[in-house]
Amino acid sequence: MDLLRTPDSCFANLEGYPFEPRYLDVSAGDTGPVRMHYLDEGPRDGKPVVLLHGEPTWSYLYRTMIPPLAAAGHRVLAPDLIGFGRSDKPTRPGDYTYLRHVEWVTSWLTQLDLREITVVVQDWGSLIGLRVAAEQSDRFAKLFIANGFLQTGDRPANRAFRIWRAFARYSPWFTASRIVNTGTVHELSAAVRAGYDAPFPDKTYQAGARAFPQLVPTSPDDPAAPANRAAWKALGRWEKPVLCVFGAHDAILGNADGPLIRHIPGAAGQPHARIKAGHFIQEDAGPELVQRLLDWEATL
C-alpha cells in the first residue's frame, strides 16, 4: 500500500486552527501501520469527547467546538480519518474499505485506552463511529449524532446521495472547500476554504475522499452490510443517552434522525432538535452544538 503525507507546510497558519498535532500509528487486520493524526485538547483527566468528521473534511470541521468543550473541562480528541487531514493517505481508492476504517479508528481509541467517551459523529464519522460504539460499547457513555446514520444496506440510497456518489466518482474536479460550501447555509470565507483544501494539494491526495461514497452500503449484499446490521441490532438495545441534533437543510441526512430516535432506546425523551444548518452542521453551527451538548449533559 503506497502512502502519501501532506506536507506540513500546507497546514501553516490556518484560520482558527492553532492546535498541536499529535500522531499515532494504527493498523487494520490486513494492513501494516499507518500514521493517524489527531488533536488532544483540554485536561487529560477530563471526560473524553471524541469528534469524528466525515467526507471530505478533517478535524478542521470541529475547530470552533474544541476550545469551548475543553474550557468546560472535557478532554477533546479529534482524529483525522485515514486519507484525510494530516493522516496518511493511501494512494489507490481500492486501499480504502469500510472494515479498514472501522479497524483504524478502533486501533486508535484502544491504544489511547479511551473510556466513558461522548462521541460526536457526522456523515462518515457516524458510519464509522456508530459501528465502533456498537462493537465497543463498554468504552462509550453517550452518543451525540449531528447529521449521521448507520446504513445497513436495507434502505435504498436517496436521489441526493446517488447524485453525490456519481459526482465523487466521475467529476473532473473535486475541491473540498467547494463541496463544504455547497453543504452549508452560509458562505465560507476564503480563509476557511483554504483550511478545508489544505490536506489535498493535488488530486493524488484525494483517493480516500473519492472512495468514501462508494463504500456506503446501499444494498443487502454489500460486504459491510452484515456487520452493520449487527451494529444496528446492538443499537436497538442501547440504553445509554443519545441525542440527535440535525441540520434542517441537509438534503442527504436531514430526515435520518427519525429512524435513529425511534430505534435506539437511549434516545427516548431526549431534547432532539433540527436547527438552521446544512449537511456540515459543525461549520454552520459549531458553538450552538457545543451549548446543546453541555446543556444536555447537565440534565443527565
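Every value quoted in this text rests on a predicted model; they were computed, and no experiment measured them.
Y196 and Y60 have their aromatic ring centers within a separation under 6.0 angstrom. You'll find the ring centres of W108 and Y23 outside the 6.0 Å limit.
A donor-acceptor contact shorter than 3.5 Å links the side chain of Q214 to the backbone of R165. Side-chain atoms of N228 do not come within 3.5 Å of backbone N or O of R131 as any donor-acceptor pair. The backbone N or O of L81 lies less than 3.5 Å from a partner atom in the side chain of H53, making a donor-acceptor pair. The backbone N or O of R86 sits less than 3.5 Å from a side-chain atom of D80, completing a donor-acceptor pair. In terms of modelled atom types and a separation under 3.5 Å, the side chain of K89 and the main chain of S87 share a donor-acceptor contact.
You'll find the side chain of M36 stays beyond 4.5 Å of the side chain of S107, heavy atoms only.
Q291 pairs with exactly one of L289, L293, D295 by the side-chain contact (heavy atoms from CB on, under 4.5 Å) rule, that one being D295.
The pair R100-D30 counts as a salt bridge, with a side-chain nitrogen and a carboxylate oxygen less than 4.0 angstrom apart. Under the 4.0 Å criterion applied to side-chain N and carboxylate O atoms, R63 and E283 are assigned as salt-bridge partners. By the 4.0 Å N-to-carboxylate-O rule, R193 lies too far from E15 to be salt-bridged with it. Using a cutoff of 4.0 Å between basic side-chain nitrogens and carboxylate oxygens, R75 and D45 are not scored as salt-bridged.
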### Task
Apply ring-ring contact (aromatic ring centres under 6.0 Å, His included) to the pair F19 and Y62, showing each step before the final yes or no.
CA-CA 11 Å; F19 311 110; Y62 287 104; over 10 Å; no
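Between W296 and F144, the angle of the ring planes lies from 30° to 60°, which puts this pair in the tilted group.
Qualifying side chain to side chain donor-acceptor pair (under 3.5 Å) partners for E41, counting only residues two or more places apart in sequence or in other chains: none. For F11, the ring-ring contact (aromatic ring centres under 6.0 Å, His included) partners at least two apart in sequence or on another chain are W58.
Side chains of D222 and Y98: a donor-acceptor N/O pair is absent below 3.5 angstrom, by distance only.
Shown here for P201 and P7, the closest heavy-atom pair between the two residues is CG-CD, 4.4 Å.
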